[in-house]
There are 2 protein chains.
Amino acid sequence: MGAVAERLGVTPMALYRHVVNKADLLDGIVELLLTEFPAPTLEDPWTERLSRLAEAIRATAQRHPGVFALLLQRPATTRAARGARDSVYLALREAGVNEERVAHTERLISTAILGFAVSEVAGRFKDHSRRQLDADFERLQGMLAQFIDSEVAEGRRA
Amino acid sequence: MGAVAERLGVTPMALYRHVVNKADLLDGIVELLLTEFPAPTLEDPWTERLSRLAEAIRATAQRHPGVFALLLQRPATTRAARGARDSVYLALREAGVNEERVAHTERLISTAILGFAVSEVAGRFKDHSRRQLDADFERLQGMLAQFIDSEVAEGRRA
DNA sequence: ACCTGAACACCGTTCAAGT
DNA sequence: ACCTGAACACCGTTCAAGT
């Protein structure tokens with residue numbers, strides 16, 4: 001509260017006119033983080049859109065290392081969270097994932113990417129070089145692409 | 001500090017004889033969390049060992065929801081962390097993963113599982129039923145098994 | 001060697017009072 | 001309508017003093 005108030009040139013008490021408490025303020029920050037992710041588009045192929053989204057998530061984590069971990073701790077039920085999720089839903093449908101499989105596929109993909117991004121900025125990979133982490137992230141995306149393929153294949157079989 | 005001290009029937013100040021500060025105490029807690037994971041064995045097939053480890057990680061998260069997220073925030077360089085990692089290394093080698101691929105494969109697997117477990121206990125999946133989460137976790141393991149297979153295949157090709 | 005009381009800095013929060 | 005000062009509870013930490 002103190003840091004935010006100072007940036008606004010105001011005392012901490014002034015904030016309570018605008019947020020109910022610290023948790024509420026943090027929820028607002030999470031909402032802002034989510035708006036940094038690119039909005040759903042239809043122009044490019046879905047593979048490209050998903051990998052751009054993945055990179056954007058990672059970049060947002062690096063820009064806001066102190067708060068990014070909150071994304072794992074708040075239920076993704078807000079408007080901005082819904083927007084980010086819809087972006088993935090759209091791509092998955094376009095990839096050919098069955099409608100009943102879209103939701104859980106998105107959950108796994110998002111979890112894996114958020115988990116990596118949080119680990120990276122929160123310090124779990126502190127001893128690894130940037131090159132190594134870039135390579136890992138690339139492979140992570142490969143794993144997820146492969147997973148999407150298998151979901152599509154399983155859907156066709158049903 | 002207060003809560004720990006109370007459980008020990010002692011004042012908070014007494015703790016400073018045993019830990020240098022709160023961060024140090026939290027590091028110790030993380031170390032304890034890691035020891036809850038099953039030690040490496042060679043008895044059962046590696047697939048079974050990995051899935052037992054995955055379940056153990058998830059169960060530990062559920063037992064200690066207040067501190068489990070710390071696992072993403074501390075570099076995995078302590079003795080207990082090394083032990084947990086070696087357990088996975090062993091299984092991956094047995095699966096046929098090339099030696100130069102073992103490390104990054106472990107990183108991706110651990111990240112995905114920790115990311116899921118943290119999301120679950122930290123509240124991100126608050127609106128999902130237990131059944132749904134169980135099914136998701138099952139699928140997550142399927143995805144990782146598939147990933148290991150592909151790593152083995154790529155290793156053979158090289 | 002280990003623990004405690006007093007004390008301090010810091011931080012989230014409330015509330016009456018100011019403009 | 002919005003901000004502030006005073007005040008409070010809480011918490012991590014230090015240190016001299018106790019056993």
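Just so it is clear, the values below take in all heavy atoms, side chains as well, and ignore hydrogens, waters and symmetry mates.
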Please give, in whole Å, the distance from [N] [atom2] to [X] [atom1]?
X       : N      : atom1 : atom2 : answer
A:Leu25 : C:dC11 : CG    : C1'   : 14 Å
B:Glu6  : D:dC10 : CD    : P     : 13 Å
B:Lys22 : D:dT14 : NZ    : P     : 14 Å
A:Met13 : C:dC11 : CE    : P     : 14 Å
A:Tyr16 : C:dC15 : OH    : P     : 12 Å
B:Asp24 : D:dT13 : CG    : P     : 10 Å

Residues B:Arg130 and B:Asp134 bridged, charged N to O under 4.0 Å: yes
OP1 or OP2 of D:dA1 versus the side-chain N and O atoms of A:His18: is any pair under 4.0 Å? no
Examine C:dT4: is either OP1 or OP2 under 4.0 Å from a nitrogen or oxygen in the side chain of B:Thr11? Give yes or no. yes
So does A:Glu31 have more than 12 non-hydrogen atoms from other groups sitting under 6.0 Å from CD? yes
For atom CZ of A:Arg82, decide whether the heavy atoms of other residues, nucleotides or ligands shown that lie under 6.0 angstrom number more than 12. no
Side-chain H-bond candidate by donor/acceptor type, B:Arg49 with B:Ser87, under 3.5 Å: no
Go through [options] for me and flag the one nearest to the [X] side chain.
X       : options               : answer
A:Arg17 : D:dG12, C:dT13, D:dC2 : D:dC2
B:Val10 : C:dT4, D:dT14, D:dT4  : C:dT4
B:Ala14 : D:dC3, C:dC3, D:dT13  : C:dC3

Could you check which nucleotide pairs with D:dA16 in any of the strands shown, counting Watson-Crick or G-U wobble with both distances under 3.5 Å? C:dT4
Could you check whether A:Met1 gets within reach of a base, just the sugar-phosphate, or nothing at all, counting any heavy atom under 4.0 Å? sugar-phosphate
